[in-house]
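Counting starts at 1 for both ligands and their atoms, following the listed order. All values reported here derive from a predicted model rather than from experimental measurement.
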Amino acid sequence: MTARIIDGKLIAAELRGRVADEVARVRREHGITPGLAVVLVGSDPASEVYVRSKHKQTQAAGMASFEYKLPADVAQHDLQALIGELNRDSHVHGILVQLPLPKSLHAETIINAIDPAKDVDGLHPHNAGRLAGGSAALSPCTPLGCIILTKTVHPSLEGMNAIVIGRSNLVGRPLVQLLLNEHATVTIAHSRSRHLKQLCAQADLVYAAVGKPEMVRGDWIKPGATVIDVGINRLSGPDGKTRLVGDVAFDEALKVAGAITPVPGGVGQMTVACLLVNTLRAACAIHGLPPPGV
Ligand code: NDP
């Protein structure tokens, strides 16, 4: 058996297309252009790549893109002052502070300074709390992308057994809440979990968000399960070239799973697309418009 490959690249492109259509409609009918502000502190090369990609895709969707690049030694109060300005700026509907921030800055205080209505990363405690309470909220983009990818295979997740490996605020925890909202039965595993292989083998849906290259092996997977690999790990080969691998041993899992996301070309593609969705949703909510059709 060979698993169906879930094509994140294609699904993300379709989603971006639907966002662009809705952005055009909102501008035509209401004269509003959704705007996303991205704040990058320092010059981490991976973060710079992400920010460039966000800028390009935001503009391609017909939204306004505002970029703020600050030096790594920016003072905490100056960064907070910028967040305050963006909170008040009526052209900005979404604010994203690219993580990780330099160690000298207190990330939690910065995130808490973002207006929850503009918190398109879904990390503000207001949104995390609403999501945990089962209410409508701006939710983190990567978990949203995981749910969309899963639903291309299973339109309803009701009653399915899911395991989420990883419990970070960015991925694991919000993903668990989104799965609960979809009526899945969820196990959340982490570095202290025992018998991970056995837990995994019971799951119809496996989400790996660990940051450990190829940790989830083929013989952990229940035959026919759907595997969503969030991990992005850079490995260097003997030739000095680097390659990306996920948290799942792809070649092994491919032979057992029913469907699987590749790395690259899976979840990573969905994160920015869902950021655009969140910015559009935030813009509609801020202006008192009905939620967009994406
Ligand atoms: P974190 O490091 O914040 O969290 C990792 C989680 O994995 C923790 O909960 C940790 O447990 C758990 N863990 C670590 N080791 C083990 C183990 N041996 N067995 C079981 N659980 C373990 O990472 P993130 O959640 O931010 O990211 C996870 C991965 O997803 C990374 O590879 C990252 O690059 C990738 N990522 C990809 C994105 C995308 O767009 N595709 C976006 C964001 C992240 P504990 O809590 O006990 O420490």
Exercise. Report, in ascending order of atom number, the atoms of ligand 1 lying under 4.0 Å from any heavy atom of Gly268.
Key: 40 (O), 41 (N)
Quiz item: Closest non-hydrogen protein atom to atom 20 (C) of ligand 1, residue and atom name please, with distance?
Solution: His190 O, 3.2 Å
Quiz item: In terms of side-chain heavy atoms, does Tyr207 have a donor or acceptor partner in Thr150 at a distance below 3.5 Å?
Solution: yes
Quiz item: Hey, looking at atom 3 (O) of ligand 1, which of Ser193, Ser168, Gly266 has the closest heavy atom?
Solution: Ser168
Quiz item: With a cut-off of 6.0 Å (strictly less than), are more than 12 heavy atoms of other residues, nucleotides or ligands near CD of Glu14?
Solution: yes
Practice problem: Pull out every atom of ligand 1 sitting under 4.0 Å from any heavy atom of Ile165, numbered as shown with elements. | Solution: 20 (C), 21 (N)
Exercise. Counting heavy atoms only, name the option from Val210, Ile232, Ile188, Thr142 that's nearest to atom 13 (N) of ligand 1.
Key: Val210
Exercise. State whether a side-chain donor-acceptor pair under 3.5 Å links Thr279 with His93.
Key: no
Quiz item: Taking distance alone, with no angle check, do Ser191 and ligand 1 share an N/O pair under 3.5 Å?
Solution: yes
Quiz item: Is the shortest distance from a Lys or Arg side-chain nitrogen in Glu67 or Lys54 to a carboxylate oxygen in the other one below 4.0 Å?
Solution: no
Quiz prompt | Numbering as shown, the atoms of ligand 1 that approach Ala209 to under 4.0 Å (heavy-atom distance) | solution = 5 (C), 6 (C), 7 (O), 28 (C)
Exercise. Considering the heavy atoms of Val267, write down every atom of ligand 1 situated less than 4.0 Å from one of them.
Key: 41 (N)
Practice problem: For atom CZ of Phe250, decide whether the heavy atoms of other residues, nucleotides or ligands shown that lie under 6.0 angstrom number more than 12. | Solution: yes
Quiz item: Which atoms from ligand 1 have a heavy atom of Leu196 less than 4.0 Å away?
Solution: 19 (N), 20 (C)
Practice problem: Would you tell me whether Thr271 and Thr142 have side-chain atoms, one donor and one acceptor, within less than 3.5 Å of each other? | Solution: yes
Quiz item: Would Met215 count as a contact of ligand 1 if the rule is a heavy atom under 4.0 Å away?
Solution: yes
Practice problem: Inspect the surroundings of NE2 in His91 and state if more than 12 heavy atoms from other residues, nucleotides or ligands are less than 6.0 Å away. | Solution: no
Quiz prompt | For atom 29 (C) of ligand 1, the protein heavy atom that lies nearest, with its residue and separation | solution = Gly211 N, 3.6 Å
Exercise. State whether a side-chain donor-acceptor pair under 3.5 Å links Gln198 with Gln202.
Key: no
Practice problem: Determine, considering heavy atoms only, which of Asn169, Val230, Leu170 sits nearest to atom 35 (C) of ligand 1. | Solution: Val230
Exercise. Answer yes or no: is there a side-chain heavy-atom contact under 4.5 Å between Val38 and Ser65?
Key: no
Self-check item: ligand 1-proximal atoms of Lys212, by part, heavy-atom distance under 4.0 Å
Solution: side chain
